[in-house]
Amino acid sequence: MLSMRSLAGQVFLLQLAVVVLLVIAALIALVVQVRRDSMTDARHRTLAAAQAFANSPGMLAALDSSHPTAVLQPRAEAARKAAGVDALIVYRVDGITLTHSDRRQIGKHIIGPYAEAASGKAFTRTFQGSLGLSVVSAVPVKDRDGTVVAVVAAPVTVGTVQEGVDRQLPLLFAGATGALAVAAAGSGLVSRRLRRQTHDLGPAEMTRMYEHHDAVLHAVREGVLIVGGDGRLLLANDEARRLLDLPQDAERRQVTALGLGTDLAGLLASDRPATDEVHLAGDRLLAVNKRPTAPRGASGSAVTLRDTTELRALSGRAELARERLKLLYDAGVRIGTTLDVTRTSEELAEVAVPPFADVATVELPDPVLHGEEPSGTSTAMRRTAAVGLEPDHPLYPVGELIRFAEAHPFTTGVASGRAVLVGELSDDEGWRSQDPQRARRVLDYGIRSLVVVPLRARGMLLGTAHFWRAASSPPFDEEDVFFAEELAARAAVCIDNARRYTREHSTAVALQRSLLPRGLPEQSALEVAYRYLPARAGVGGDWFDVIPLSSARVALVVGDVVGHGLHAAATMGRLRTAVHNFSVLDMPPDELLGRMDELVAQIDAEEADSGEEPGITGATCQYAIYDPTSGHVAVATAGHPALAVVRPDGSVDFPPVPVSPPLGLGTGLPYESAELTVPEGSRLVLFTDGLIEGRDLDAGLEDLRRALAGPDRDPEATCATVIEAMVPVQSRDDIALLVARTHRLDSSRIAEWDVASDPAAVAPVRAECVRQLTEWGLEQIALTAELILSELITNAIRYGTEPITVRLLRDRTLIYEVSDGSSTSPRLRLAKVTDEGGRGLFLVAQFTERWGTRYTPTGKVIWAEQSLHNGAGPSAEGIGDLLLGEVDDTMW
């Protein structure tokens, strides 16, 4: 390493010399700096000590005493030790020493530069005193009238200062030695690495070797490549750049990213040796030799390339066959990746362009596009795909219906079932007769040759494929026709599969759409908007519903049946119907889900016994009831994501709702519900798990929170915002989203009375109700209202228990509610002619649109709804006639 002959040794010695000089210079600078700092500290310390002692309390009194030395000497010694100075000397103005660290100097007359201090000005100087060469600060002691009565001097000898400097020198030298050792070690490592990389060569040898290397590398007529072990190109000579058409910045790039052929790039990137292997590079055939560079060099390989283009004529046909086989293989992989007819047609055109044709178009009849079987041999085809055309092309555009003429090659191909070759379009009268003006523009565009291939599968004509070549490419020949037929045959099978899938998918979607709500019911409690997005892969089992309940309440439902296809859609319809039926019974959410759980378990058992259909492998549901009279929401969940509540101020939260198991698991556990009250104008957001698909649950809910938060939006705008922010482009699951903005029923539209359990209380309450109807402008139905209320209140008093309450709600209808503390429920029955009473509920059923019973935690509510838009109520004579007719009655 210390050899001056090698480049590494020269670099090491140079670095070592530079480091030594830098360390010496730094050490000298540090020593000088330490000495300067020590002297400065001595000046500051002596001045501070002299000033502190001169201005200390009792100084003037001690000077005026009869023995000032006896008083001041102990103080001076104590202050000297505390300040770290060599002495604290007090002189009288006449130069007589009062205190001194050397007691022999006390009482002597001192001669020194103290005149300045005696004149009242403090100073700091270095001079030769009784203690030797010292740094001395002198401070005057002034009487109360400002007269200088003494001088205090604080000296520190230079020897003392030098002792402090000397104590730091070993540390400085140790640091310098350590720095020198680290720097020398670093220089040694660098030089060692340089020696290894230069192979211990000297500068002259390296220069000569580079000159020889450069001359040989660029003078030979063979391409030379050096490829690293990581597949990067390290070196390429001029001939290799010419043969491979390499870019200027090819070095240090991966050989697979240099635009080479797949086979050649794979060989160069691998560690496989090769001997005279022939590879195609552009329009050249290259003989490639490859050997590893190890162990003589780093991991990698050396490659030589020789141009053997003269072999092209012999290998041309074999290469063409290989390309055609590869193209057919690519067609099998790339065509039919989706079960979409249009996309499959586009894939056929994309495979053919540019390896086989300059332009490719596909035409299909409309029935095939819709998933139906084509009828007959119609010549009307719709252009479905076109690849290789510029925006200003003259061919029929995609989407246009083309009716081919009798003389067109299309007609000939359809009739024969074989491909039709048109070598020169300008010479084919049949093709030109289709549209002479367009044909002229096509020829002017540069298209010269055409192959028309029928697309047939299972004996049906599904369409045709047109392959076109421009004047810059050779015209099609018979070999091209055979290849076009093989390519079209493979594509036709994929198109037929997509067509049949489209038919089945359309059938499933139609079934699913028929099972989902066709529209939203009329009600005034909620302003509702919804979105349903089917899965890309097929219909699923997501569903939603809005169900008006009694007393202006509304139920919101979302559910999800696991799986896709007809079975999931049919199961969804069964569950939706069941929820409707259970909702009519006015069940609370937790009880309704319990009934649904029993139903799903029963369906699973029936299908398991039949062995024909799989059971319901999983179904979730969320059921919420909103009461507009109080803003109260009751919600229960069976394995479903929690609902979101958007407050009027734009804040979003997910209220904690007990999550019960999905439906049909047979756990035997009761379902739980949660209750909350929301302010008017809040938005209730119910959704299925497809909305947060592909995310962690917490992350998905946080994304939904951000999409819902912000300024107040109506439900329709909220749905649009959420779908845009949350739904991926290719959703694997269907999505149901339900957004409902709450409205409150104004207190002026609600009237309520408590009723005593006494028949005499019926008349006063009835009169109050009539007065309330008059205030509401409903005098025309007062007679009917009296009759309905009389029967409901009388029956509650007779058969129910306290407390009894009457409530009227004016909404889209007039709603009567009579509640009591019993759990007995009325029912209609056929009354006998001889029965004296019991025809009241029959009248209630006749004069109202609907009536029913709703159970509460404390009893029940009998309710009835009367339309406000059917004109005046019946007269007394009409009621009598009704009572004399057929009688269905109630029994409690």
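Just so it is clear, the structure is predicted and the values come from calculations on it, not from any experiment.
Within the structure, salt bridge (Lys or Arg N to Asp or Glu O under 4.0 Å) contacts touching residues 775-785 (residues at least two apart or in different chains) do not occur. Applying the salt bridge (Lys or Arg N to Asp or Glu O under 4.0 Å) test to pairs two or more places apart or on separate chains, those with a residue in residues 638-655 are R647-D653. Counting only residues at least two apart or on different chains, the side-chain hydrogen bond (donor to acceptor under 3.5 Å, both in side chains) pairs with a member in residues 588-597 are D597-Y671. Judged as a salt bridge (Lys or Arg N to Asp or Glu O under 4.0 Å), the pairs with a partner in residues 678-692 (not counting sequence neighbours) are, in order, R683-D712.
The two residues H743 and P628 make their nearest non-hydrogen contact at O-CB, 3.5 Å.
How far OH of Y816 is from CG of L789: 6.0 Å, rounded to the nearest 0.5 Å. Annotation: the span from D811 atom CG to D746 atom CG amounts to 11.5 Å, rounded to 0.5 Å. To the nearest 0.5 Å, the span separating CD1 on I603 from OG1 on T571 amounts to 7.0 Å.
F544 meets the ring pair (Phe, Tyr, Trp, His ring centres under 6.0 Å) test with Y530; sequence neighbours excluded. Among residues two or more places apart in sequence or in another chain, the salt bridge (charged side-chain N to carboxylate O under 4.0 Å, His left out) test is passed with R810 by none. With sequence neighbours left out, E527 forms a side-chain hydrogen bond (donor to acceptor under 3.5 Å, both in side chains) with no residue at all. Partners of E716 by salt bridge (charged side-chain N to carboxylate O under 4.0 Å, His left out), not counting sequence neighbours, listed by chain and number: R531. The side-chain contact (heavy atoms from CB on, under 4.5 Å) search around T337 returns E347, not counting sequence neighbours. For D627, there are no salt bridge (charged side-chain N to carboxylate O under 4.0 Å, His left out) partners at least two apart in sequence or on another chain. With sequence neighbours excluded, the residues satisfying salt bridge (charged side-chain N to carboxylate O under 4.0 Å, His left out) with R812 are E522.
At least one side-chain heavy atom of C621 sits less than 4.5 Å from a side-chain heavy atom of L663. Between D703 and R706, some side-chain heavy-atom pair lies under the 4.5 Å cut-off.
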Side-chain atoms of residues 636-643: list all donor-acceptor pairs with protein atoms under 3.5 Å, sequence neighbours left out, distances to 0.1 Å.
{"residue": "T637", "atom": "OG1", "partner": "Q622", "partner atom": "NE2", "Å": "2.9"}
{"residue": "H640", "atom": "ND1", "partner": "T620", "partner atom": "OG1", "Å": "2.8"}
{"residue": "H640", "atom": "NE2", "partner": "F687", "partner atom": "O", "Å": "2.7"}

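A donor atom on one side chain and an acceptor atom on the other are found under 3.5 Å apart for R854 and S550.
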